[in-house]
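Every value quoted in this text rests on a predicted model; they were computed, and no experiment measured them.
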Amino acid sequence: MINISSRYYKESGKIPPFAPLIIILIGILAVPILSFIYSYATFYIPFIYANLFIAIAFGILIGIVVSFAGKLGKVRNKALLIIFALLFAILAEYFAWVAWIYAYSKQTAFIWHPLDVLEVMKLILPEGTWSIGRSHAPVRGTFLALVWIIEAIIILVSSIIFPSMTSVFCEECNCWIKDEKTLSHLEPIENVEEFKNQLEQRQYSALLNLQKVDEGSAVYTEVDFGICDKCKNLSYMTVKTITVKKDSKGKEKKSEEDIVEKLIIDTDTYRSLEALIK
């Protein structure tokens with residue numbers, strides 16, 4: 001029986017010896033800076049709904065930093081990146097509190113020891129420092145603690161969105177495949193499962209024979225494909241269905257659904273796809 005999963009690219013799980021050190025160094029440099037920016041933004045924009053999106057962006061930026069560092073260190077292990085993202089998110093929470101206290105004290109109190117930061121949090125909890133809407137009553141006590149917990153969870157969850165192995169790594173050449181090409185606006189697939197099975201069975205004519213459709217089409221097929229420029233021995237493609245819808249204001253919104261993701265293909269098929277772009 002043919003093992004279909006072997007026809008898809010999978011990360012090797014390898015972690016180069018100096019990669020963790022690279023991630024740690026970059027994280028230590030970036031996290032405090034991001035934390036101070038985050039704290040000052042939430043301090044001077046005292047709107048809980050705006051702060052929600054700021055917290056999400058903060059977490060995502062932490063994930064981007066980890067993803068960048070992991071790629072620089074040639075890490076092919078998603079689990080390691082997620083662990084580092086969570087660790088840096090926790091560290092970022094600490095630095096964010098240090099920065100917030102500094103801002104709240106009008107740049108007079110730079111408290112950095114974790115136990116001292118915790119003591120300040122205990123002092124703030126029963127009193128509160130901000131209110132919701134037109135109410136002048138400060139948010140405090142259990143509700144304030146709940147807000148802090150939700151904020152921390154948002155940052156932690158957001159931080160692990162980006163550290164995913166989106167790039168393909170050539171183990172033979174010890175490098176990432178940098179450039180992907182896109183073949184877009186092919187006719188939509190009627191029977192997705194059958195089409196997927198054909199590609200997995202290396203019947204690529206099902207894809208190569210698709211006709212072009214108008215660029216204004218609401219549904220079409222798109223192919224992203226890449227190859228290792230050094231050895232030319234590793235090539236792959238991702239085939240997806242693109243659906244375009246317009247909202248009430250007439251603005252287009254695209255949604256994607258993968259049919260196959262990072263399916264390994266031969267060099268001839270890569271060249272055939274490349275020829276269709278020209």
Notebook entry, point to check: With a 4.0 Å cut-off, would you call Lys240 and Glu261 a salt bridge?
Noted result: no
Checklist line | Note, Lys74 side chain near Trp176 side chain (heavy atom, < 4.5 Å) | finding: yes
Check: Is any NZ, NE, NH1 or NH2 atom of the basic residue among Lys212 and Glu187 found under 4.0 Å from an Asp or Glu carboxylate oxygen of the other?
Finding: no
Next item on the list: Walk me through it: do Tyr38 and Ile54 pass the test side chain to side chain contact (heavy atoms under 4.5 Å, CB included)?
Entry: CA-CA 7 Å; Tyr38 168 71; Ile54 294 172; 3.5 Å; yes
Notebook entry, point to check: Considering all heavy atoms of both residues, which atom of Phe84 and which atom of Val66 are nearest to each other, and what is their separation?
Noted result: CB-CG1, 4.1 Å
Item checked: Closest contact, heavy atoms only, Leu234 versus Ile264 -> CD1-CD1, 3.7 Å
Item checked: Side-chain donor or acceptor of Asp258 paired with backbone N/O of Val260 under 3.5 Å -> no
Note to self: Distance alone, cut at 3.5 Å: any donor-acceptor contact between the side chains of Asp224 and Thr238?
What the structure shows: no
Checklist line | Nearest heavy atoms of Ala69 and Ile22, plus distance in Å | finding: O-CG2, 4.0 Å
Note to self: Go through it in stages, so that I can follow the logic: the residues are Leu207 and Val239, the test is side chain to side chain contact (heavy atoms under 4.5 Å, CB included), and I'd like the CA-CA distance, side-chain angles, deciding distance and then a yes or no.
What the structure shows: CA-CA 9 Å; Leu207 172 63; Val239 183; 4.3 Å; yes
Check: In terms of hydrophobic clusters joined by side-chain contacts under 4.5 Å, are Phe58 and Val157 together?
Finding: no
Checklist line | Lys/Arg N to Asp/Glu carboxylate O, Glu274 vs Lys181, below 4.0 Å | finding: yes
Note to self: Is any side-chain heavy atom of Ser35 closer than 4.5 Å to one of Val31?
What the structure shows: yes
Next item on the list: Please work out whether the ring planes of Trp100 and Trp97 are parallel, tilted or perpendicular, with thresholds of 30° and 60°.
Entry: perpendicular
Next item on the list: Determine, step by step, whether Ile277 and Phe225 satisfy the side chain to side chain contact (heavy atoms under 4.5 Å, CB included) criterion, reporting the C-alpha distance in whole Å, the side-chain angles of both residues, the deciding distance to 0.1 Å, and the verdict.
Entry: CA-CA 11 Å; Ile277 297 178; Phe225 55 104; 3.4 Å; yes
Check: Looking at Glu193 and Lys196, does any basic side-chain N land under 4.0 Å from a carboxylate oxygen?
Finding: no
Item checked: Donor on one side chain, acceptor on other, Glu200 and Tyr8, under 3.5 Å -> yes
Check: Do Thr243 and Lys254 come within less than 4.5 Å of each other through their side chains, counting heavy atoms only?
Finding: no
Item checked: Test item: Leu125 and Leu144 side chains (from C-beta on) under 4.5 Å apart, heavy atoms -> yes
Checklist line | Met121/Val117 under side chain to side chain contact (heavy atoms under 4.5 Å, CB included): CA gap, chis, key distance, verdict | finding: CA-CA 6 Å; Met121 292 173 67; Val117 171; 4.3 Å; yes
Note to self: Would you compute the distance between atom CG of Leu199 and atom CD of Glu194 and round it to the nearest 0.5 angstrom?
What the structure shows: 11.0 Å
Notebook entry, point to check: Would you call the rings of Tyr102 and Phe110 parallel, tilted or perpendicular if under 30° counts as parallel and over 60° as perpendicular?
Noted result: perpendicular
Notebook entry, point to check: Would one find more than 12 heavy atoms of other residues, nucleotides or ligands at under 6.0 Å from atom CZ of Arg202?
Noted result: no
Item checked: Heavy-atom pair of closest approach, residues Pro16 and Pro20 -> O-CD, 3.5 Å
Note to self: Keeping Gln211 on the side-chain end and Asn209 on the backbone end, is there a donor-acceptor pair under 3.5 Å?
What the structure shows: yes
Checklist line | Tyr236 vs Tyr9, ring-ring contact (aromatic ring centres under 6.0 Å, His included): CA-CA, chis, key distance, verdict | finding: CA-CA 8 Å; Tyr236 65 95; Tyr9 170 79; 7.2 Å; no
Check: Would Asp266 and Thr269 count as having a side-chain donor-acceptor pair, cut-off 3.5 Å?
Finding: yes
Check: Roughly how far, to the nearest 0.5 Å, is the OG atom of Ser167 from the CD1 atom of Ile177?
Finding: 9.0 Å
Notebook entry, point to check: Is there side-chain contact between Ile23 and Leu81, with at least one heavy-atom pair below 4.5 Å?
Noted result: yes
Checklist line | Spatial distance of atom CD1 (Ile90) from atom CZ (Phe95) [nearest 0.5 Å] | finding: 13.5 Å
Notebook entry, point to check: Side-chain heavy atoms under 4.5 angstrom apart, residues restricted to Ile, Leu, Val, Met, Phe, Trp, Tyr: same cluster for Leu186 and Tyr204?
Noted result: yes
Checklist line | CD1 on Ile227 to OG on Ser235, rounded to 0.5 Å | finding: 4.5 Å
Next item on the list: Decide whether Leu87 and Ile155 are clustered together by the hydrophobic rule: side chain heavy atoms of Ile, Leu, Val, Met, Phe, Trp, Tyr closer than 4.5 Å, transitively.
Entry: no
Notebook entry, point to check: Above 12 or not: heavy atoms from other molecules or residues under 6.0 Å from NZ of Lys232?
Noted result: yes
Item checked: CD1-OG1 distance between Ile101 and Thr108, expressed to the nearest 0.5 angstrom -> 11.0 Å
Next item on the list: Evaluate whether atom CZ of Phe43 has more than 12 neighbouring non-hydrogen atoms of other residues, nucleotides or ligands under 6.0 angstrom away.
Entry: yes
Note to self: Quick check: closest heavy atoms across Ile62 and Ala92, and the distance to 0.1 Å?
What the structure shows: CD1-CB, 3.5 Å
Check: Where is the tightest heavy-atom contact between Leu210 and Ala206, given as atom of each residue plus distance?
Finding: CG-O, 3.5 Å
Notebook entry, point to check: Between Glu256 and Thr241, is there a donor-acceptor pair closer than 3.5 Å when you use the side chain of the first and the backbone of the second?
Noted result: no
Next item on the list: Could you state whether Ile259 and Val219 fall into the same hydrophobic cluster, counting links through intermediate Ile, Leu, Val, Met, Phe, Trp or Tyr residues with side-chain heavy atoms under 4.5 angstrom apart?
Entry: no
Next item on the list: Would you indicate whether the side-chain heavy atoms of Lys71 and Phe68 approach each other to under 4.5 Å?
Entry: no
Item checked: side-chain hydrogen bond (donor to acceptor under 3.5 Å, both in side chains) between Glu172 and Asn233, intermediate numbers included -> CA-CA 9 Å; Glu172 183 178 337; Asn233 291 331; 3.3 Å; yes
Margin query: Do Ile24 and Ile28 have side chains that approach each other closer than 4.5 Å (heavy atoms only, starting at C-beta)?
Written below: yes
Next item on the list: Quick one: pull up CD in Glu257 and OG in Ser255 and give me the separation to the nearest 0.5 Å.
Entry: 8.0 Å
Check: Got Ile60 and Ser159 here, is their nearest side-chain heavy-atom distance under 4.5 Å?
Finding: no
Checklist line | Whether Thr182 side chain and Ser184 backbone form a donor-acceptor pair below 3.5 Å | finding: no
Next item on the list: Spell out, yes or no, whether Leu34 and Leu25 are grouped together once hydrophobic residues are joined by side-chain heavy atoms under 4.5 Å, including indirect joins.
Entry: no
